[in-house]
Amino acid sequence: MSIIEPKTLPGFLELLPEEQIEFNRIYDTIRKNYERAGFVPLDTPLLEYEEIILAKAGGETEKQIYRFKKGDTDLALRFDLTVPLAKYVALYFNQLSFPFKRYQIGKAFRGEKPQKGRFREFYQADIDIIGDGELSIMHDAEIPSIIYKIFKELDFGKFTIRINNRKVLNGFFAELLEEEKAREILRIVDKIDKIGKEAVALELQKLRVEKENVEKICSFVLIKGTNEEMILRLESLGIKNEQFTLGLLELKNVIRYATLLGVPESHLNIDLTIARGLDYYTGTVYETTLDEHRDIGSICSGGRYENLAEYYTTKKLPGVGISIGLSRLFYKLMEMRIVEPKNRTMVDALIIPMGEEALDYSMNILKRLREKGGKVCISYDKKGIKQNLNYANKQNIPYVLIIGETEMNTNLLTFKNMREGTQEVLSIEDIIKKLS
RNA sequence: GUGGGUAUAGCUCAGUUGGCUAGAGCGCUAGAUUGUGGCUCUAGAGGUCGUGGGUUCAAGCCCCACUAUUCACCCCA
């Protein structure tokens, strides 16, 4: 029989046990914090009718969508979690209560050329708050507090939540030039952090923006200071544009209430260069970076949008949400060794029965320890104590229980600490205490 | 879509201006007196050098094609 070469598709991430354990730790932390903030879980299908997925898509995204035909049905794999959410909310509108707060952590697919840290199959961890007709700006303020709690707990080092408001930008640009151009400019300005002021100025000139305006745009966008200072600066610019004024008020509120919710100023900065590529953000926008690893890019981003489900319902559904690109984040963290695999197993203790005679006794011990919530396993396959200890060692199992004739006679078990290399003879009650 | 790089053991890679039985480290297996792992030492297994063609007395090395893979740009999370 010929052997088929085992291989995984490029752009698809597959982890070893010790890596997966770390991945799940991050996953669980995010999930726990989402739930703590009152978001309900949602799990929509990976596959949808093609027309659902394609409704919003266009241009670059559309080319990247995986599409299938099964029988006469056209199918597509979701490329984010927002489109399925839009469909879901439109579909179950009458059965949901609003504001609808949901989280979803799941896989999405994009058939683009794989690159370092960019995958064709990747996890996103999203929260969104959807309103029926209207949605208070206070929700925009709550989002940073959730981001703050998550990354505080994950402890990847100092991070900064950058915040901006599209209305402020749009209002400012509207005074200078026509709307179409403003949109393109936003995309370029968004990159200023990455490519620098000069490169941005150059690209703007290519767009045939007048020199005078290039200067204005750059110096506006690069206004720096504390949040309070920046708001004062923006107010003092004397721009009499309705959008601008509204945006500024929103920004002010978001900062104020996010602070009240416990996000320290050190972790929350107004940054006028943040624009986000996506067109559908209309108000608050967020981007979070690790201070010591700015090169990783944004680890969490999102914003406020006016109308979630316009393609699927006539209802107006404004929302605000964020997305953590979990696969990419994890990959980068591993690469930079901010996250390092530790254990290959979930097991706290391994029972080693010395021979057949010890099996009955060992099984009873296993049963009792598991009943007490211990993550305990028993070894059947390895021969001899040497092989068993080696097995435990390779997987970083912290404790080993040796059960042989002596132990059975005395009812005291040999309890070995693999890390310290020490061992003692203990009753099962003492072992339960040690493991809990 | 555009432009580069790479392809040799399970993994990471050496391999000189082409030269005779293709190497290292890690990992794996076994042993160093039969209930004690990690460290050390010893031994062993494991490769039609991506595929096809060409040049040559001789190709892992040079040339061509194909395939795979990877990085960057574009765009995005």
Side-chain angles (χ1 to χ4, degrees), chain A residues 3 5-13 16 57-65 78-83 105-126 184 187-188 190-191 194-195 199 203 275-281 285-289 295-303 321-332 335 344 350 352-355 357-358 379 382-408 413-425:
Chain A
I3 284 175
E5 187 197 346
K7 54 186 175 184
T8 304
L9 288 164
F12 287 71
L13 187 61
L16 289 168
E60 206 62 25
T61 337
E62 185 165 339
K63 276 187 261 166
Q64 296 176 349
I65 294 171
R78 66 190 186 201
F79 64 92
D80 69 7
L81 301 178
T82 308
V83 167
I105 305 175
K107 283 174 173 176
F109 302 83
R110 287 186 200 177
E112 65 180 335
K113 268 194 186 165
Q115 250 176 76
K116 213 179 180 60
R118 300 179 66 182
F119 301 98
R120 289 179 169 173
E121 180 192 64
F122 54 93
Y123 272 94
Q124 287 195 176
D126 284 23
E184 279 191 74
R187 234 194 27 241
I188 296 169
D190 193 45
K191 293 193 290 190
K194 201 171 154 193
I195 63 177
E203 281 205 44
R276 304 295 308 128
L278 291 173
D279 280 342
Y280 63 77
Y281 291 123
V285 281
Y286 316 94
E287 205 147 278
T288 307
T289 48
D295 48 307
I296 290 182
S298 176
I299 56 176
C300 167
S301 48
I322 48 160
S323 176
I324 300 174
L326 196 48
S327 298
R328 186 176 167 204
L329 174 64
F330 179 74
Y331 180 89
K332 294 274 188 186
E335 192 187 39
R344 282 192 186 190
L350 179 73
I352 305 176
M354 301 307 297
E357 318 81 63
S379 172
K382 300 283 177 192
K383 292 185 186 72
I385 197 158
K386 216 168 184 171
Q387 282 198 354
N388 275 304
L389 287 176
N390 207 355
Y391 175 75
N393 191 53
K394 270 184 205 154
Q395 301 197 78
N396 234 321
I397 297 175
Y399 299 104
V400 155
L401 273 164
I402 301 163
I403 299 174
E405 218 176 320
T406 334
E407 285 82 1
M408 289 192 283
L413 313 180
T414 303
F415 184 77
K416 186 175 171 74
N417 182 326
M418 292 296 283
R419 304 228 167 106
E420 311 276 323
T422 55
Q423 71 184 42
E424 47 195 328
V425 177

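Reckoned from all heavy atoms, side chains included, excluding hydrogens, waters and symmetry mates.
You'll find that the side chain of A/E112 is closest to B/A77, out of B/A77, B/U69, B/C73.
Contact annotation: A/Q115 reaches the phosphate of B/A72 (side-chain N/O to OP1 or OP2, under 4.0 Å). For the OP1/OP2 pair of B/G37 and a distance below 4.0 Å, the side-chain nitrogens and oxygens of A/K382 include no atom meeting the criterion.
Heavy atoms of A/K113 sit under 4.0 angstrom from at least one base atom. Nucleic acid contact class of A/Y123 (heavy atoms, under 4.0 Å, all strands): none. Within 4.0 Å of A/F122, counting heavy atoms only, lies at least one base atom of the nucleic acid. Among the atoms of the strands shown, base atoms are found under 4.0 Å from some heavy atom of A/G421. Nucleic acid contact class of A/S327 (heavy atoms, under 4.0 Å, all strands): none.
Using modelled atom types, no side-chain atom of A/R120 and backbone atom of A/K113 make a donor-acceptor pair closer than 3.5 Å.
Taking for each of A/Q387 and A/M418 the nucleotide of RNA chain B with the nearest heavy atom, the 5'-most of the two is the partner of A/Q387. Residues A/T414 and A/K116 each lie close to RNA chain B; by heavy-atom proximity, the contact nearer the 5' end of the strand is made by A/T414.
The distance between atom CG of A/N390 and atom P of B/U40, rounded to the nearest whole Å, is 14 Å.
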